[in-house]
Amino acid sequence: MVVGADGLHSNVRRLVFGPERSYEHYLGCKVAAWVVEGYRPRDDLSYVTYNTSGRQVGRFALHGHRTMFVCILRAPRCGVDEAPKGQLHNAFGGAGWECPEILATLDDVDDLYFDVVSQIRMEGWSRDRVLLIGDAAGCISLLGGEGTGLGIAGAYVLAGELARASGDHHRAFGAYEQRLRPVIAKKQAPAARYIGFFATRTQLGLWFRNVAMRAMNFGPLAALLAGSVHDDFELPDYGI
């Protein structure tokens with residue numbers, strides 16, 4: 001068997017199921033992340049963000065005097081030939097706050113993560129003896145989160161169903177997909193709404209977002225809003 005666990009841009013999926021464009025659904029944003037040494041100011045135990053219309057830049061402290069920066073911007077999926085660093089300079093160059101200092105750290109960075117925010121939606125996750133799991137099969141999107149947890153859960157369910165099927169991989173693959181597909185579909189549905197939190201389109205939208213964030217300090221309301229990311233999926237006990 002071949003298990004494709006190679007993420008949003010799965011090469012296994014491309015080789016077996018066809019080109020990525022058949023399954024990728026772009027959600028309208030791009031994201032970048034990089035790590036530098038010795039940046040100041042530094043706020044331990046905090047994720048500090050700054051927003052303008054359609055853009056967000058954030059930083060958080062790592063061990064060893066390192067800082068990670070995350071930039072999110074609304075942008076077309078295609079039609080931009082400019083290199084990633086150039087896109088970031090153009091998007092955040094006049095954004096204010098610490099953006100000039102943050103962009104200055106970008107120029108010397110060799111390890112830059114820059115990618116689209118997309119979902120993967122497929123009618124089936126297996127073909128013959130090949131199966132996809134995690135983001136390769138049903139990416140929620142980077143901003144929707146939970147990719148790591150769902151990948152681990154998927155691997156556990158696959159192992160359990162293979163054990164139950166006593167070597168019948170077709171039966172195991174079907175049971176695996178039947179158990180996980182509703183979970184993925186439920187989480188993909190609201191994921192596009194999260195973009196409004198990270199990269200709000202307008203200043204009025206930013207004002208409403210900030211009011212909602214402050215309202216999260218009220219316990220009952222926080223519990224209500226957190227319901228969208230609450231998991232009620234119980235993993236079976238396969239006895240393995």
Between Arg14 and Glu20, is a salt bridge (Lys or Arg N to Asp or Glu O under 4.0 Å) present by the stated rule, with each step listed?
CA-CA 6 Å; Arg14 180 186 63 81; Glu20 183 172 295; over 6 Å; no
Checking side-chain polar atoms at under 3.5 Å, does [X] have a donor or acceptor matched by the opposite partner on [Y]?
X	Y	value
His170	Asp128	no
Glu161	Tyr156	no
Trp97	Thr52	no

Nearest heavy-atom pair of [X] and [Y]: which atoms, and what distance?
X	Y	answer
Cys71	Val57	SG-CG2, 3.7 Å
Lys85	Val109	NZ-O, 2.6 Å
Arg59	Thr67	CB-CG2, 4.0 Å
Glu98	Pro41	OE2-CG, 3.4 Å
Gly134	Tyr176	N-OH, 4.3 Å
Ile102	Thr105	O-OG1, 2.6 Å

Could you tell me whether the side chain of [X] and the main chain of [Y] form a donor-acceptor pair under 3.5 Å?
X	Y	value
Asp43	Ser46	no
Arg129	Val2	no
Tyr50	Ala95	yes
Tyr23	Phe17	yes
Lys187	Cys139	no

Quick one: do Arg13 and Asp6 make a salt bridge, cutoff under 4.0 Å?
no
Please check if [X] and [Y] belong to a single hydrophobic cluster, counting links between Ile, Leu, Val, Met, Phe, Trp and Tyr side chain heavy atoms closer than 4.5 Å.
X	Y	value
Val35	Val48	no
Ile184	Leu235	yes
Phe92	Tyr47	no
Val70	Leu73	no

Nearest 0.5 Å please: distance from the [atom1] atom of [X] over to the [atom2] atom of [Y].
X	Y	atom1	atom2	result
Ser10	Ile133	OG	CD1	10.5 Å
Arg55	Cys29	CZ	SG	12.5 Å
Glu37	Leu62	CD	CG	9.5 Å
Leu158	Arg179	CG	CZ	12.5 Å

[X], [atom1]: over 12 other non-hydrogen atoms inside 6.0 angstrom:
X	atom1	value
Arg40	CZ	yes
His25	NE2	yes
Gln178	CD	no

Less than 4.5 Å apart, any side-chain heavy atom of [X] and any of [Y]?
X	Y	value
Met68	Trp34	no
Leu132	Met122	yes
Leu131	His169	no
Met1	Leu162	yes
Val130	Val12	yes
Tyr39	Arg66	no

Establish, yes or no, whether a centroid distance under 6.0 Å links the rings of Phe69 and Phe60.
no
Not counting sequence neighbours, which residues clear side chain to side chain contact (heavy atoms under 4.5 Å, CB included) with Ser53? List them please.
Gln203
Which atom pairs, one a donor and one an acceptor, fall under 3.5 Å between side chains of residues 111-120 and the rest of the protein, sequence neighbours left out?
| unit_1 | atom_1 | unit_2 | atom_2 | d |
| --- | --- | --- | --- | --- |
| Asp115 | OD1 | His9 | NE2 | 2.9 |
| Asp115 | OD2 | His9 | NE2 | 2.9 |
| Ser118 | OG | Glu24 | OE2 | 2.5 |
| Gln119 | OE1 | Arg121 | NE | 3.0 |
| Gln119 | OE1 | Arg121 | NH2 | 2.9 |
| Gln119 | NE2 | Ile140 | O | 3.0 |
| Gln119 | NE2 | Gln188 | O | 3.0 |

